[in-house]
Chemist: 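Handing you a structure now.
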Amino acid sequence: FPQTDAIKVMYAGNIGFAQDLETLVDLAKRTREDNIEYFVIGEGVMKPWLEEQKKAEGLDKIHILPYQKRELMPVLLAYSDVQFIFMSPRMEGQGFPSKVYTIMACARPLMVCSGKGTPIVNFLEGKGCALLDTEKEQAAKVEKLYEWLKSQTKQTLRETGARGLDVIEKEYSKEIVTGQYLELVEKAPDGKLSAKTRATCWSQRYALLSNYFASHTHSTLQVGMQVLLAVEVSFHPVYGLSLNVTNIDPSYTLGALAK
C-alpha cells in the first residue's frame, strides 16, 4: 500500500460476476493521467480477467491484492479515500452488499454503480454519502464517475464520508437496532399473559413507521403500549416462527389511550 497523495479508490470483497469490472477498467483508462489510484482486494473467478486487463492496457494504477485478514478492514478503509461498489447489471437487483454499513460506519464515502430502484440505490438515495451512478449506457456511466472524481478533494471526500457516519449513528446504533427486535404479548382481562411471540421491524421500515406513528399520536412507541400491527409470518427451521412488522395503525393506539 504505497503512501502517496493520490486519491485512493478501493474495493474489498469477492471479485466475481456480480461486480462490474468492465466499468472499473474503463474508469482507470479515463483517469490514466490523473492522480487517482485503484485498489482491488479479494479473490474470485474474475480476478484473472482483471489482471489480464491491467497488463494489456498498462493500467499500473490498479493495484490487485489478495484477501486481507478481517481485523485489518478498519485499517484498509482508513487508508482509502473512497470505496467503490460497481454492481453488474445482470445481478444488481438480487442483493444488498452488507459492506455498505461498515463503509459508512468508518466515515468513508461510496461510489456506486447500480440501476434505479435497486436495493443499494434505494438505501443510499438522499443520504448524501455516496455518488449514485444509475446510467445504463457505458460511456455515460464512466463519464459520470470521472467527472465526480475530478471534482473531489480529500477534504470533500471526508465531508461526504462523515455524512454516512452520521446516518449510522442516528439510525443504526446498537441501541436503535436492538430496539427493533420486539416481543409482542397479549394479556387477558385479569392481566395474565395469554399469548406472546417475537417480531422484527427492520431499520428502514422502523424509521418510517416510528415517524408515522409519532406524527399521528404525538407519542413515541413504548414498552407496554397497545398497538395494531400488520405483519408477515415467517418460519425458520432453527429459529422457529417469527413475525416481520410491515405497518402500524396509530388510530388503534389512540383509541386504547382514550379508554
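Treat the numbers as computed from the prediction; the structure is a model and nothing was measured.
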Chemist: Taking the six-membered ring of Y79, is NZ or CZ of K8 closer than 6.0 Å to its centre and within 45° of its axis?
Modeler: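 Because its charged atom sits under 6.0 Å from the ring centre and within 45° of the axis, K8 does stack over Y79.
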Chemist: For a quick test of reading the model, state the closest non-hydrogen atom pair linking A6 to N35 and the distance between them.
Modeler: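 Looking at all heavy atoms of both residues, the shortest contact is CB-OD1, 3.2 Å.
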Chemist: Identify the heavy atoms of I85 and P97 that sit nearest to each other, and give their distance.
Modeler: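 The answer is CG2-CG, 4.1 Å.
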Chemist: Is Y38 close to V25 at the side-chain level, that is, under 4.5 Å between some pair of heavy atoms?
Modeler: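 SC-SC contact between V25 and Y38 ruled out.
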Chemist: Flag yes if more than 12 heavy atoms outside K116 fall under 6.0 Å of its NZ atom; otherwise flag no.
Modeler: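 12 or below, so no.
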Chemist: Any side-chain to backbone donor/acceptor pair from Y11 onto N14? Under 3.5 Å, distance only.
Modeler: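 Yes: the side chain of Y11 pairs with the backbone of N14.
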Chemist: May I ask you to decide whether E92 forms a salt bridge with K136, counting only side-chain N to carboxylate O separations under 4.0 Å?
Modeler: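 Yes.
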Chemist: Please say whether more than 12 non-hydrogen atoms of neighbouring residues, nucleotides or ligands are located less than 6.0 Å from CD in E33.
Modeler: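 Result for CD/E33: open.
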Chemist: Determine whether V75 and Y67 fall in the same hydrophobic cluster, where Ile, Leu, Val, Met, Phe, Trp and Tyr are linked whenever their side-chain heavy atoms lie under 4.5 Å apart.
Modeler: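 As far as the 4.5 Å side-chain criterion goes, Y67 and V75 are not connected within one cluster.
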Chemist: Where is the tightest heavy-atom contact between F17 and S88, given as atom of each residue plus distance?
Modeler: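 So the minimum-distance heavy-atom pair works out to O-CB, 3.2 Å.
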Chemist: Identify the two heavy atoms, one from T160 and one from G128, that lie closest to each other, and give their separation to 0.1 Å.
Modeler: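 That would be CG2-O, 3.5 Å.
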Chemist: So, E135 side chain and A140 main chain: donor-acceptor pair closer than 3.5 Å or not?
Modeler: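 Pair absent, no side-chain N/O of E135 close to backbone of A140.
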Chemist: Between atom NZ of K144 and atom CE of M111, what is the distance when rounded to the nearest 0.5 Å?
Modeler: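 It comes to 12.0 Å.
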Chemist: For residues A78 and R108, report the shortest heavy-atom separation together with the two atoms involved.
Modeler: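 Reported closest heavy-atom pair: O-NH2, 2.9 Å.
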Chemist: Are L165 and I103 linked, directly or through other ILVMFWY residues, by side chains that come within less than 4.5 angstrom of each other?
Modeler: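 Unlinked, L165 and I103 end up in two clusters.
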Chemist: Please say yes or no: joined through hydrophobic side-chain contacts below 4.5 Å, possibly via intermediate residues, are M104 and M87 part of one cluster?
Modeler: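 In one cluster: yes.
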Chemist: Okay, side chain of K61, backbone of D34: is any donor-acceptor separation there less than 3.5 Å?
Modeler: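 Indeed, once roles are kept as given, a pair shorter than 3.5 Å links the two residues.
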Chemist: Should L145 and F86 count as side-chain neighbours, where that means a heavy-atom distance under 4.5 Å?
Modeler: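 Yes; the side chains approach each other to less than 4.5 Å.
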Chemist: As a test of understanding, state which of V82, I36, L157 forms a side chain to side chain contact (heavy atoms under 4.5 Å, CB included) with Q152.
Modeler: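 One option only clears the test, and that one is L157.
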Chemist: side-chain contact (heavy atoms from CB on, under 4.5 Å), that's the test. Do V167 and C129 meet it? Break it down for me.
Modeler: CA-CA 9 Å; V167 170; C129 62; 5.6 Å; no
Chemist: Nearest 0.5 angstrom please: K47 NZ to L21 CG, how far?
Modeler: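 So the gap between those two atoms works out to 12.0 Å.
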Chemist: Could K141 and D26 be called an ion pair, given the rule that one side-chain N must be under 4.0 Å from one carboxylate O?
Modeler: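 Here K141 does not pair with D26 in a salt bridge, since their nearest N and O are not under 4.0 Å apart.
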Chemist: Indicate if F96 and V121 have the same hydrophobic cluster label, given that clusters are the connected sets of ILVMFWY residues with side-chain heavy-atom separations under 4.5 angstrom.
Modeler: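 F96 clusters together with V121.
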Chemist: Compare every heavy atom of L229 with every heavy atom of I248, then report the nearest pair and how far apart it is.
Modeler: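 It is CG1-CD2, 3.6 Å.
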Chemist: Count I, L, V, M, F, W, Y as connected when their side-chain heavy atoms are under 4.5 Å apart, and connections chain through other members. Are V45 and I62 then in the same cluster?
Modeler: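 Yes: a chain of side-chain contacts under 4.5 Å links V45 to I62.
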Chemist: Is it the case that the side chain of K127 and the backbone of G164 share a donor-acceptor pair, with hydrogens and angles ignored and the cut-off at 3.5 Å?
Modeler: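 Pair absent, no side-chain N/O of K127 close to backbone of G164.
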Chemist: Would you confirm whether Q68, through its side chain, and P66, through its main-chain N or O, come within 3.5 Å as a donor-acceptor pair?
Modeler: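 Yes: the side chain of Q68 pairs with the backbone of P66.
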Chemist: Any side-chain heavy atom of M10 within less than 4.5 Å of one from I41?
Modeler: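 Counting from C-beta outward, M10 and I41 do come under 4.5 Å.
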Chemist: Donor-acceptor check, side chain of T246 to backbone of A230, threshold 3.5 angstrom: yes or no?
Modeler: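 Yes, the answer is positive, given that a donor and an acceptor are paired below the 3.5 Å cut-off.
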Chemist: Partners of K154 by salt bridge (charged side-chain N to carboxylate O under 4.0 Å, His left out), sequence neighbours excluded?
Modeler: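 K154: salt bridge (charged side-chain N to carboxylate O under 4.0 Å, His left out) contacts with D81.
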Chemist: Any donor and acceptor pair, going by atom type alone, linking the side chain of T134 with main-chain N or O of S114 inside 3.5 Å?
Modeler: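 Side chain of T134 to backbone of S114: no pair is present.
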Chemist: From I168 CD1 over to R163 CZ, what is the distance, rounded to the nearest 0.5 angstrom?
Modeler: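 Rounded to the nearest 0.5 Å, the CD1-CZ separation comes out at 14.5 Å.
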